[in-house]
Q: 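Quick one: this structure, given as C-alpha cells, is what I'll be asking you about.
Convention: sequence-line order gives letters A, B, ...; per-chain numbering from 1. A quick note: this is a predicted structure, and the numbers were derived from the prediction, not measured.
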Protein chains: 2
Amino acid sequence: MNDDQYSSYSFLLDRTAKRVKQYAQQRFTELGFNVTVDQWIVLKHLYEHDSMKQNELAEFLFKDNPTLTRIIDLLCDKGLTVRNVHPTDRRSFMVSLTKEGTKKVEQLSPKIKAIRLKAWEGLSERDFNQFKRILDTIYKNLG
Amino acid sequence: MNDDQYSSYSFLLDRTAKRVKQYAQQRFTELGFNVTVDQWIVLKHLYEHDSMKQNELAEFLFKDNPTLTRIIDLLCDKGLTVRNVHPTDRRSFMVSLTKEGTKKVEQLSPKIKAIRLKAWEGLSERDFNQFKRILDTIYKNLG
DNA sequence: TAATAACTATTAGTATAACAACTATTTCTA
DNA sequence: TAGAAATAGTTGTTATACTAATAGTTATTA
C-alpha cells in the first residue's frame, strides 16, 4: 500500500459516511419525523432493549456520556423518553421510552428501513462481507 | 440484501469513520500540531492548489460555506492563512497560505502521512479497490 | 437601464463530537 | 471502617454540520 493512496481511503470513508447521514436526515426532515438521525438511533435501541442505563446506552452506541446526556435531554423534552431512578444505584438513571416514544418507533421503523436500504442498491451479500472485513480491520488497527 | 443487515452497514461505516477521525485528532493533539483534522485538510488543499475561492474550496472538501468560513476564520487567527480580495469579483475572497502556513504543511505532511497509514495495516491493494468500489456505489446511490 | 434574480460570504441558531472538570455516589482497600 | 479510588451523570468549552436569514455584489432580463 503506497502512501498516496491513503488519502483516498480516508477521503472516501469520510465523504460516504457524511452522505449516508445527510441523506437520512434529509428524508427524516422532509417526511416530518421530527427526530434527528442520532435521536432515532437512541430511540431504536431503547425499543429493542427496553430500559437501559445511560452508561450502557452510550457504550452501545459509541457515543460518550456528555453527548448522550444531551440527546436524552432532547428526547425527554419531546416526551419520547423518561429518566427513572435506578433501583440500586442512585448515581444512575434507567432511560426508557414513553408510550409516545414507543408509538413513534413503531410508526417510523418501516419507513426508515426503506430509507436506509436505498444506499445499498446494487451491492451483494459478498460485498457486505468484504466491506465489513475491511472496516473492522481499520477499526481494530486504531483501537 | 435483507433488511436487517443494513443496520450493520450503516453502523460499521459510521463507527469506523468516527474512529479514523478521532485517532488522527488524538495524535495531532498529542504531538502538538495545534490544528484540527479539518483545519489540516484545508491547509493541505491550499498547499496543493495555491490560492482558491472559499467557494471552490468548500465544494472541493465537501463542506458548506458557513463551516468553511469558520475554519478559515480560525486558520487566519492562527496566522496560517489569509483572505485576499478577488481581482474581479468583490464578493469573493481568495484564500491562501501565509509563509507560516506553508511551513506548517511542509513540517507536518510526513508525520500525518504516517499517522494515516496506521489504519490500513494488513490491508492490500485489492482491498482498496473493493473498498473504493463499495463506498463509491453507496455515495452515488444517495447522490 | 431599471428591476429582478443569482451569487458570495457571513451571522445566528440548533445538534452532535470530543475533551476536561465537577458533583454525587459507590466500591475498593489498607 | 475511614480514606482513597472508581463510577454515573452533568456542565462547560471548542469545533464541525446544517439550515435559514442577511448584506453586498454581480448577472440577467424585460
Q: Take the protein atom CG of B/D14 and the nucleotide atom C1' of C/dT16, then report the distance between them rounded to whole Å.
A: 11 Å

Q: Report the distance from atom CG of A/L61 to atom CD of A/Q54, rounding to the nearest 0.5 Å.
A: 11.5 Å

Q: Would you say a side-chain N or O of A/Q25 is under 4.0 Å from OP1 or OP2 of C/dA15?
A: no

Q: Rounded to whole Å, please give me the gap between CZ in B/R19 and P in C/dA17.
A: 15 Å

Q: Is A/V85 close to A/M94 at the side-chain level, that is, under 4.5 Å between some pair of heavy atoms?
A: no

Q: Closer than 3.5 angstrom, by distance alone: can the side chain of A/Q22 be matched with the main-chain N or O of A/R19 as a donor-acceptor pair?
A: no

Q: On DNA chain D, which is the earliest and which the latest nucleotide, 5' to 3', with an atom closer than 4.0 Å to a heavy atom of chain A?
A: D/dA6 to D/dT19

Q: How would you list, by chain and number, every residue that makes a side-chain contact (heavy atoms from CB on, under 4.5 Å) with A/E100, sequence neighbours excluded?
A: A/L80, A/T98

Q: Using a cut-off of strictly less than 4.0 Å between a heavy atom of the residue and any atom of DNA chain D, enumerate the qualifying residues of residues 82-93 of chain A by number.
A: A/R83, A/R91, A/S92, A/F93

Q: Let me know the distance between CD of B/Q26 and P of C/dA17, rounded to the nearest Å.
A: 15 Å

Q: Need to verify one output field. Residue with the more 5' nearest nucleotide on DNA chain D, A/Q22 or A/T69?
A: A/T69

Q: Side chain to side chain donor-acceptor pair (under 3.5 Å) with A/R133: which residues, sequence neighbours excluded?
A: A/Q130, B/D127

Q: Which residues pass the ring pair (Phe, Tyr, Trp, His ring centres under 6.0 Å) test with A/F93, not counting sequence neighbours?
A: none

Q: In terms of ring plane angle, is the pair A/F33 and A/F28 parallel, tilted or perpendicular, where the classes change at 30° and 60°?
A: tilted

Q: May I have the distance from B/K21 (atom NZ) to C/dA18 (atom C1'), rounded to whole angstrom?
A: 11 Å

Q: Tell me which residues in residues 30-42 of chain A put a heavy atom below 4.0 Å from DNA chain C, sorted by number, or none.
A: A/T36, A/D38, A/Q39

Q: Counting only heavy atoms and a strict 4.0 angstrom limit, can you tell me which residues of residues 135-143 of chain B come near DNA chain C?
A: none

Q: Quick one: list whatever passes ring pair (Phe, Tyr, Trp, His ring centres under 6.0 Å) with A/H86, sequence neighbours left out.
A: none

Q: Between P on C/dA21 and CG on A/N65, what's the gap in Å once rounded to a whole number?
A: 17 Å

Q: Could you tell me whether B/L68 contacts a base, only the sugar-phosphate backbone, or nothing, with contacts defined as non-hydrogen atoms closer than 4.0 Å?
A: nothing

Q: For DNA chain C, which residues in residues 52-64 of chain B have a heavy atom at a distance below 4.0 Å?
A: B/K53, B/Q54, B/N55

Q: Within this structure, what is the CG-CD1 distance for the pair A/L108 and A/I115, rounded to the nearest 0.5 Å?
A: 8.5 Å

Q: Assuming nearest nucleotide by heavy-atom distance, tell me which of A/R70 and B/T67 is located more 5' along DNA chain D.
A: A/R70

Q: Has B/D50 got more than 12 heavy atoms of other residues, nucleotides or ligands less than 6.0 Å from its CG?
A: no

Q: Once side-chain contact (heavy atoms from CB on, under 4.5 Å) is applied, do any residues pair with B/N141, and if so which ones, sequence neighbours excluded?
A: A/E121, B/T137

Q: As an exercise, state the distance from CG of B/L57 to NZ of B/K63, rounded to the nearest 0.5 Å.
A: 10.0 Å

Q: Using the ring pair (Phe, Tyr, Trp, His ring centres under 6.0 Å) criterion, which residues pair with B/Y47? Sequence neighbours excluded.
A: none

Q: Among A/T29, A/L43, A/I41, find the one that has a side-chain contact (heavy atoms from CB on, under 4.5 Å) with A/V35.
A: A/L43

Q: For the residue pair B/Y9 and A/F128, does the interplanar ring angle fall in the parallel (under 30°), tilted (30 to 60°) or perpendicular (over 60°) class?
A: perpendicular

Q: Which residues satisfy the ring pair (Phe, Tyr, Trp, His ring centres under 6.0 Å) test with A/Y23, sequence neighbours excluded?
A: none

